[in-house]
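Chain naming here is simple, since letters A, B, ... match the order of the sequence lines and numbering starts at 1 in each.
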Protein chains: 2
Amino acid sequence: MAYRETEKMRNRKAEARKRIIECTHECVAEGGFRSAQITRIAACAGVATGTIYRHFESKEDLFAEIFRIATQREVNRVAEALATEGDPVVRLETALRQFAERALRGPVMAWALIAEPVDPKVEEERLKFRRAYAELFEQAIRESIEEDSLPVQDARQSSTCVVGAIAESLVGPLSPAQAEGADQADKNDHDPLVDSIICFCMQGLTGTRR
Amino acid sequence: MAYRETEKMRNRKAEARKRIIECTHECVAEGGFRSAQITRIAACAGVATGTIYRHFESKEDLFAEIFRIATQREVNRVAEALATEGDPVVRLETALRQFAERALRGPVMAWALIAEPVDPKVEEERLKFRRAYAELFEQAIRESIEEDSLPVQDARQSSTCVVGAIAESLVGPLSPAQAEGADQADKNDHDPLVDSIICFCMQGLTGTRR
DNA sequence: ACAAAGAATGAATAATGATTCACTACTTAT
DNA sequence: ATAAGTAGTGAATCATTATTCATTCTTTGT
């Protein structure tokens, strides 16, 4: 009875774990899950490959955790935008814009979260992610319909279309613009591209020219 | 000087090649490019793995060819629907419906063509595929704008949104419905799901309630 | 029937990348 | 200082697949 886990050790381990998570996030944001190999992540975090496995059961588990974290952040932003007071359609538009802007700011990560093929455990997280979005957008659409701010429609389906329209708009730019995309990252909040996407989506929802 | 390639042999080879192509198509339609391994394809086509390489330079080349063929078929259908006479907006709607129905009928193949990550040579084909669609839908949208049948908009962007809305609508059903999807394959031409997608898209394009 | 040429074969090889594990180094309590 | 226990290491292993190539089988012209 000599060694007993102490606070100091717990902290150190927690830090290592955090570092691994951050590096994985970084790798995924750079090239998607596909390019995030354990070896690369380990090197980036400054630990041995084996160390990864002291902190995570498997690559799948690690990825699932990354996914959960990244997703939570996105969903929270949208939820915030939807939680304000005022015209429900305006709130919806704001939330969609939020979503589109964030996605276009980090297209590789957005693609990884939305469409990149992943292993089952990660896919499971993705389903929760989708459900979370569905609940948010759908709910907002549904409320708007009840208030006669939107015409009657299949809220779930409309929500899907909206997410798809935005996703596709960024998958296109993905192959050529990957490198340059990072440059124009955080400067302008008023991209005409976003405007035209949002315009399409809002028209799709409202059936009203804007 | 004994053996000289004869007509009979040429035919036999051509048949083998065709069989390989068909089986590859089948495998891709079943589980995407990812699940189409050379061994599986060879087994399905009733030849040895090595034989595949007598007909195709590499897996990438084979896939590129499959992609080209499948794509050509899809694009042709849409082109046909767009080539008719009459109200350009109606033609557009018909073409979109065509596209959506076909995609939802074979969602795995559609996903493979639209969004599955693939090797560079295949990705190159995908770019051509995208360009072909862009040219079709965009052109139609552009013409409609000129005739004042559609409000002024970024035709390229709208086309992207439309493709995305449809694609996302089928990616959702993909994971759960894969198996059952095949069953309801070719029966009904009037799916309410398609209706609501098309409704959203047309409203997105026109800004008019329908 | 025979020999020359090509086609087909599939076991062996190569390449990639996740995971393990025998070992070392470090922490802690006595 | 020492022993007991834990964390970290990274080369070795395992698994998966594309690709090769020495060998066998077929076809063809004489």
(message) Between A:Q203 (side chain only) and B:G204 (backbone N and O only), is there a donor and an acceptor less than 3.5 Å apart?
(response) yes
(request) Check whether the side chains of B:T160 and A:E168 place a donor and an acceptor atom closer than 3.5 Å, and report yes or no. (result) no
(message) For B:F33 and B:F67, take the angle between the two ring planes, folded into 0 to 90°, and tell me which bin it lands in: parallel under 30, tilted 30 to 60, perpendicular over 60.
(response) parallel
(request) Provide, to the nearest angstrom, the distance between the CZ atom belonging to A:R40 and the C1' atom belonging to C:dT16. (result) 14 Å
(request) For the pair B:F129 and B:Y133, name the ring-plane relationship: parallel under 30°, tilted 30 to 60°, perpendicular over 60°. (result) perpendicular
(request) Please check if any side-chain donor atom of A:S169 sits under 3.5 Å from a side-chain acceptor atom of B:Q157, or the reverse. (result) yes
What N/O pairs connect the protein and nucleotides 23-27 of chain C at under 3.5 Å? Give each pair on its own line.
{"residue": "C:dT27", "atom": "OP1", "partner": "A:R12", "partner atom": "NH1", "Å": "3.2"}
{"residue": "C:dT27", "atom": "OP1", "partner": "A:R12", "partner atom": "NH2", "Å": "3.0"}

(request) Please step through side-chain hydrogen bond (donor to acceptor under 3.5 Å, both in side chains) for the pair B:E125 and B:T71, ending with a clear verdict. (result) CA-CA 9 Å; B:E125 290 302 318; B:T71 270; over 6 Å; no
Using a cut-off of under 3.5 Å, enumerate the N/O to N/O pairs linking the protein to nucleotides 18-20 of chain C.
{"residue": "C:dA18", "atom": "OP1", "partner": "A:K59", "partner atom": "NZ", "Å": "2.9"}
{"residue": "C:dA18", "atom": "OP2", "partner": "A:I38", "partner atom": "N", "Å": "3.3"}
{"residue": "C:dT19", "atom": "OP2", "partner": "A:Y53", "partner atom": "OH", "Å": "2.6"}
{"residue": "C:dT19", "atom": "OP2", "partner": "A:K59", "partner atom": "N", "Å": "3.0"}
{"residue": "C:dT19", "atom": "O5'", "partner": "A:Y53", "partner atom": "OH", "Å": "3.4"}

(message) One thing to verify: whether B:E116 and B:R34 come together as a salt bridge, which I'm taking to mean a side-chain N less than 4.0 angstrom from a carboxylate O.
(response) no
(request) Tell me whether the OP1 or OP2 atom of C:dA8 has a side-chain N or O from B:H55 closer than 4.0 Å. (result) yes
(request) Among residues two or more places apart or on two chains, list those pairs meeting salt bridge (charged side-chain N to carboxylate O under 4.0 Å, His left out) that have a residue in residues 155-165 of chain B. (result) B:E138-B:R156
(request) For B:F56 and D:dT19, give me the distance from atom CZ to atom P, rounded to whole Å. (result) 13 Å
